[in-house]
Structure formats: C-alpha cells, structure tokens
Undergrad: 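I have a structure here, written as structure tokens, and I will follow up with some questions on it.
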Amino acid sequence: MLAEFKSHIENRFPFLKDSKLLIACSGGLDSIALSFLAKKLELDFALAHCNFKLRGRESDEDEQFVVDFCNKHTVKLFLKGFDTKKEMENQSGSIQMVARKLRYDWFQELLSTEGFDYVLTAHHTNDSLETFLINLSRGTGIEGLTGIPEQNSRILRPLLPFSRKQILEFAKGQNLVWREDSSNSETKYLRNKIRHQVVPELESLHPNFLMNFSNTQAKLKGTSSILQNTKKQLQSTLFKEVNGVIRISIKGLLSLQPLEPYLYLLLQEYGFTAWKDVSNLIHAESGKEVRSSTYRLLKDREYLILSVVPTTSNSISDFFIYKNDELVNKPLNLSIERVKRIGETNENILYADMDMLNYPLMLRKWNNGDYFYPLGMKGKKKLSKYFKDEKVDIIAKEVQWLLCSSGDIVWIIGKRADERFKVTPATKQIVKITWHN
C-alpha cells in the first residue's frame, strides 16, 4: 500500500511535498496509518488531536496515546480539549455534528495561526460508502451520492481510494499500534448501524462490491461535474441580478424540459425543498411566493425573483429629518445642503423649494392608496399605477423609500420627484438632497 499511496500523492496531490500539513489524528487505525504513511513519504506535517471528553478515561487515554506516538516519531502535536456536552447547550444538532463543527473550526484556526497549508483527514472508501447510504436513505440528489469529496478547499482526504480492509492489512504488516474507539461498535448510531449491519450484507452480494462502488461513484462524480457546468451556463443565461435581487425568466425556464429536475438543479443551492410548490409558482399569479429558510422565490409577471429572506425588525418604520440636519445615515445615506442654484442632476439628487417643505420631513415606505404629482406632469397619480407603468417589481417596491412633507410625497427616492415642490423662478431657498446609494 505504501507504493500505491506514494503514486496516488504524486498523481493527485503533488503539491503536498512542498506544503506544511496538519493531520487530524484520533489515535485510531485510519489516522495512525495516514500519519505513518506521511512519515514514510517524508512530508512536512504535524498532528492535531481533539479530546471531546465524551468517554471519560478512555478519551484521556486516546490523547495520551497520540502524545506517545508523536514523541516516538518526533512529530509536533497540537492538542485541544472540548466540553462537548456543554457545547450541545449552545448549538443545535446531534452530538456528532456538534463535535464535527468544533473539530473543523479548530482546524481552520490552526491553518490561520500556525501557517499550515492543508489539513489531511483519514477518510477512506468505506467512509464514502457509508455517507452514500446515509444520504440515499434520507433522500438526495446526485450531489449527495458522490460521497465524501477528495478535496474541500484546504481539507484533503488522500486515503479515499483505499478501503478499510487495505488500511488494516497495511497497519498489521507494519506492526502499527492504534486505539479502538468503543463507541464505534455501538449500533445506536446510524453510521455504525450501516457499517456493521448493512455494508457486510452488500459486500456478500459480490466479491468486488467495494471496487464496483468506487467505480460507480467515480462516474457519478463525473456526471455531477457535467451538471455543475450545465448549471453555471444556464444560470448565466437565465439569472440576471438587478438591484441586489436575481430575476429569472419564466419563459426561459419553460423551455427546459422536464422542468422540475431543472428547477432542482438551478435552485437547490438556495435551500428550497418544496419542489412542487416551486414548480407551481411559475403558473401562479403575481405576488405568490415560496420560501426556504434563507431565500424566497416570488412570482412577478414574467419573472421569478430570487432574494434573501428579509430579516424581521422591531425598529420604527418611519424616520424623520429635521431642518438643520445635514447628514442622514438611517435608513438611507442622505446629504442635505442649501444651494443657490441647480447644478448637477441625476436620479439620486433632489432639488426642492425650501419654503414649500414642512419640517420635520419623513422617510417611510409606501402604502396602498399613496399618490403624488409626478414632476413634469399635470394631475396626480397613484404610486401603485406609477410602479406598474415603470415595471417596478414587487421586491423593489417593498424596499422603496419615500421622502414626505406633512404627509405629501416629495420624492420617490432615486426615481421621481413631485411637481408641487419643484424649484421655480419664484423660489428663494433651494435645498439639495443627495442619496448616496
């Protein structure tokens, strides 16, 4: 196995020879074998061991074992103890998920503070098979069937091509000693149940089951890569970012058949799970929406609008501007000055007759029934009609701010001023308000 591992590193990770590495070491078979292999290849590495203090004396003995291993092989060691049960009170998820987060957060800290280039973990083919079966049992797309990634940013898994059996035979051949985690034999955990009860049955079906699984998973990874490229191409065509939200052409989506698999491909990364509702949204009336925990998808005429779910706030919805204010930074960044004449003009600048304004001015969102007198036009117009004529989408309307004086709209900020407050030859004082968006 040493020769195969050396060849694998040379072919897949040649850069490791010139990198400073951190190996995650529990003291078990897999991580001890990986540490021994790295030593044989003369890689520049240190070990990192986490003591989660979940098995009492046994956890402390694991830590001491890793300390002794490092002393024997002259390897630098980083140790970290966690009160995992206490951390469970502050974090959601199973104890395994909490421990995993604690471990990887610490690894990221060591990468930053100690100058390591990569973290190596000892995941192997059997781990990938178990992950495959867990995801399959819970329901997943193709990305959940591709197993554990060989590389995830600065986390590398160089033992993935090797089975637990291969690693065990190599370790025995090298007279390596390792620790056995007693919790690994408990079948109350799903992964252990799959490891001890399901996988042996599958392996009994075919003598080369694990090899065939690896070959199949390699094909799935290739297919997943093709799909990711297809997704990027489609998103670049169908997704258009406008004012911080993404507009998706419904006509473009309807050209993709079968539709639901394409919707899953394009939108799965945003956390949506109710795919029938997402599909029905295409034919729904404007204003209907579907939400994930972090995003919402809203129907607006010929588009689906994708945006981050707005955070709820208990703060007041109306803000005031007083006569002597020169700067406003909430809810918008505005600068206010008195000028002698109209100068630079654009949609983010308002010039108004100072004497026509009643202070304090108010900044607020729009309401149904609001109307104004559009600059340059005769008569009033409802804001709802104005927004419709200007093809302002629903989300843009939600975030639109109005500048008001005694209840009258002075400026639809960034869009249109009101005729009643315009500068005329009779104006004595001009106020200039600039929106710095």
Side-chain angles (χ1 to χ4, degrees), residues 242-245 286-287 298 300 305 307-437:
V242 180
N243 296 326
V245 301
S286 290
L298 185 145
D300 186 63
I305 300 177
S307 66
V308 175
V309 172
T311 55
T312 57
S313 174
N314 294 323
S315 60
I316 58 174
S317 57
D318 300 335
F319 299 84
F320 295 95
I321 299 175
Y322 295 91
K323 196 164 189 176
N324 294 323
D325 288 345
E326 295 181 350
L327 292 173
V328 174
N329 54 30
K330 187 177 182 181
L332 303 172
N333 290 319
L334 302 175
S335 60
I336 305 163
E337 57 184 318
R338 299 181 188 184
V339 297
K340 294 182 178 180
R341 62 183 65 85
I342 293 176
E344 173 192 5
T345 59
N346 61 55
E347 61 186 9
N348 292 335
I349 298 176
L350 169 76
Y351 292 95
D353 188 325
M354 184 82 172
D355 295 329
M356 297 298 294
L357 300 175
N358 291 317
Y359 285 88
L361 305 179
M362 177 187 288
L363 290 167
R364 67 170 176 86
K365 298 293 184 68
W366 79 287
N367 300 310
N368 285 327
D370 277 341
Y371 65 88
F372 77 126
Y373 290 76
L375 182 65
M377 293 178 59
K378 293 182 180 180
K380 64 183 181 181
K381 188 171 190 175
K382 282 192 172 183
L383 253 64
S384 57
K385 181 68 165 59
Y386 169 78
F387 288 144
K388 183 177 180 180
D389 291 345
E390 296 296 317
K391 293 183 170 55
V392 178
D393 64 59
I394 295 171
I395 292 179
K397 287 189 285 187
E398 288 180 358
V399 300
Q400 179 64 56
W401 286 93
L402 307 177
L403 178 67
C404 302
S405 169
S406 297
D408 293 327
I409 295 173
V410 178
W411 186 24
I412 304 173
I413 296 178
K415 289 184 170 61
R416 192 76 174 264
D418 189 288
E419 175 76 16
R420 293 169 293 180
F421 302 90
K422 72 178 182 181
V423 175
T424 69
T427 298
K428 297 178 180 178
Q429 297 184 84
I430 300 174
V431 62
K432 176 185 178 183
I433 302 178
T434 304
W435 175 34
H436 305 280
N437 65 340

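Keep in mind that what you see is a predicted model, and the values were worked out from it rather than measured.
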Undergrad: Please name the pair of heavy atoms, one in Ala352 and one in Leu357, separated by the smallest distance, quoted to 0.1 Å.
TA: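 Shortest heavy-atom contact: CB-CD1, 4.4 Å.
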
Undergrad: Please find the pair of heavy atoms, one from Thr427 and one from Gln429, that lie closest to each other, and give the distance.
TA: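 Thr427 and Gln429 have their closest heavy atoms at CG2-O, 3.2 Å.
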
Undergrad: Counting distance only, does the side-chain N/O of Glu326 pair as donor-acceptor with the main-chain N or O of Ile336 below 3.5 Å?
TA: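 Such a contact is absent between Glu326 side chain and Ile336 backbone.
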
Undergrad: Return the minimal non-hydrogen interatomic distance between Leu363 and Lys330, and the atom names on each side.
TA: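 That closest heavy-atom pairing would be CD1-O, 4.5 Å.
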
Undergrad: With rounding to the nearest 0.5 Å, note down the distance linking CG in Leu361 to CG in Leu402.
TA: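 Reported value, rounded in 0.5 Å steps: 12.5 Å.
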
Undergrad: Does any non-hydrogen side-chain atom of Val410 lie less than 4.5 Å from one of Ile433?
TA: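 A side-chain contact is absent here, since even the closest heavy-atom pair is not under 4.5 Å.
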
Undergrad: Could you grab the distance from atom OG1 of Thr434 to atom CG of Leu327, nearest 0.5 Å is fine?
TA: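 The distance works out to 10.5 Å.
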
Undergrad: Considering all heavy atoms of both residues, which atom of Pro374 and which atom of Glu419 are nearest to each other, and what is their separation?
TA: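 Minimum heavy-atom separation between Pro374 and Glu419: O-CB, 3.8 Å.
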
Undergrad: Testing the basics here: between Leu375 and Arg416, what is the closest heavy-atom pair and its distance to 0.1 Å?
TA: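 Heavy-atom minimum between the residues: O-NH2, 2.9 Å.
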
Undergrad: Tell me every residue that passes ring pair (Phe, Tyr, Trp, His ring centres under 6.0 Å) with Phe387, counting only those two or more places apart in sequence or in another chain.
TA: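 Scan of Phe387 (ring pair (Phe, Tyr, Trp, His ring centres under 6.0 Å), adjacent residues dropped) gives Trp366.
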
Undergrad: With a 4.5 Å heavy-atom cut-off, do Ile409 and Leu383 have their side chains touching?
TA: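 With C-beta onward as the side chain, the pair touches.
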
Undergrad: Which pair of non-hydrogen atoms, one from Phe372 and one from Ala417, has the smallest distance, and what is that distance?
TA: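 Heavy-atom minimum between the residues: CE1-O, 3.9 Å.
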
Undergrad: Check ring pair (Phe, Tyr, Trp, His ring centres under 6.0 Å) between Phe421 and all other residues, then give those that pass, not counting sequence neighbours.
TA: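 With sequence neighbours excluded, Phe421 shows a ring pair (Phe, Tyr, Trp, His ring centres under 6.0 Å) to no residue whatsoever.
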
Undergrad: Report yes if some heavy atom in the side chain of Arg341 is under 4.5 Å from a heavy atom in the side chain of Tyr351; otherwise report no.
TA: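 They are not in contact (no side-chain heavy atoms under 4.5 Å apart), so the answer is no.
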
Undergrad: Quick one, Val245 with Leu298, criterion side-chain contact (heavy atoms from CB on, under 4.5 Å). Give me CA distance, side-chain angles, the key distance, then yes/no.
TA: CA-CA 11 Å; Val245 301; Leu298 185 145; over 6 Å; no

Undergrad: Could you check if a side-chain atom of Asp389 sits within less than 4.5 angstrom of a side-chain atom of Lys381, using non-hydrogen atoms only?
TA: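 Heavy-atom side-chain distance check passes, below 4.5 Å.
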
Undergrad: Classify the angle between the aromatic ring planes of Tyr373 and Tyr371 as parallel (below 30°), tilted (30 to 60°) or perpendicular (above 60°).
TA: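 Perpendicular.
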
Undergrad: NZ/Lys388 to NZ/Lys382 distance, rounded to the nearest 0.5 angstrom?
TA: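 Reported value, rounded in 0.5 Å steps: 12.5 Å.
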
Undergrad: Could you tell me whether the side chain of Lys365 and the main chain of Glu398 form a donor-acceptor pair under 3.5 Å?
TA: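 Answer holds: yes.
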
Undergrad: Yes or no on side-chain contact (heavy atoms from CB on, under 4.5 Å) for Val392 and Lys415, after CA distance, side-chain angles and deciding distance?
TA: CA-CA 11 Å; Val392 178; Lys415 289 184 170 61; 4.0 Å; yes

Undergrad: Verify side-chain contact (heavy atoms from CB on, under 4.5 Å) between Asp393 and Val242, making sure each step is shown before the conclusion.
TA: CA-CA 10 Å; Asp393 64 59; Val242 180; 5.7 Å; no

Undergrad: State plainly whether the residues Asp370 and Arg364 are in salt-bridge range, i.e. N to O under 4.0 Å.
TA: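 Yes.
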
Undergrad: Determine yes or no for a side-chain-to-main-chain donor-acceptor pair under 3.5 angstrom, with Ser405 supplying the side chain and Asn358 the backbone.
TA: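 At least one qualifying donor-acceptor pair exists.
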
Undergrad: Check the pair Ile413, Trp411 against side-chain contact (heavy atoms from CB on, under 4.5 Å), reporting the backbone distance first and the verdict last.
TA: CA-CA 5 Å; Ile413 296 178; Trp411 186 24; 3.8 Å; yes

Undergrad: Decide if atom NZ of Lys323 counts as having more than 12 heavy atoms of other residues, nucleotides or ligands within a radius under 6.0 Å.
TA: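 Result for NZ/Lys323: open.
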
Undergrad: Rounded to the nearest 0.5 Å, how far apart are CZ of Arg420 and CG of Asp353?
TA: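 Arg420 CZ to Asp353 CG: 13.5 Å, rounded to 0.5 Å.
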
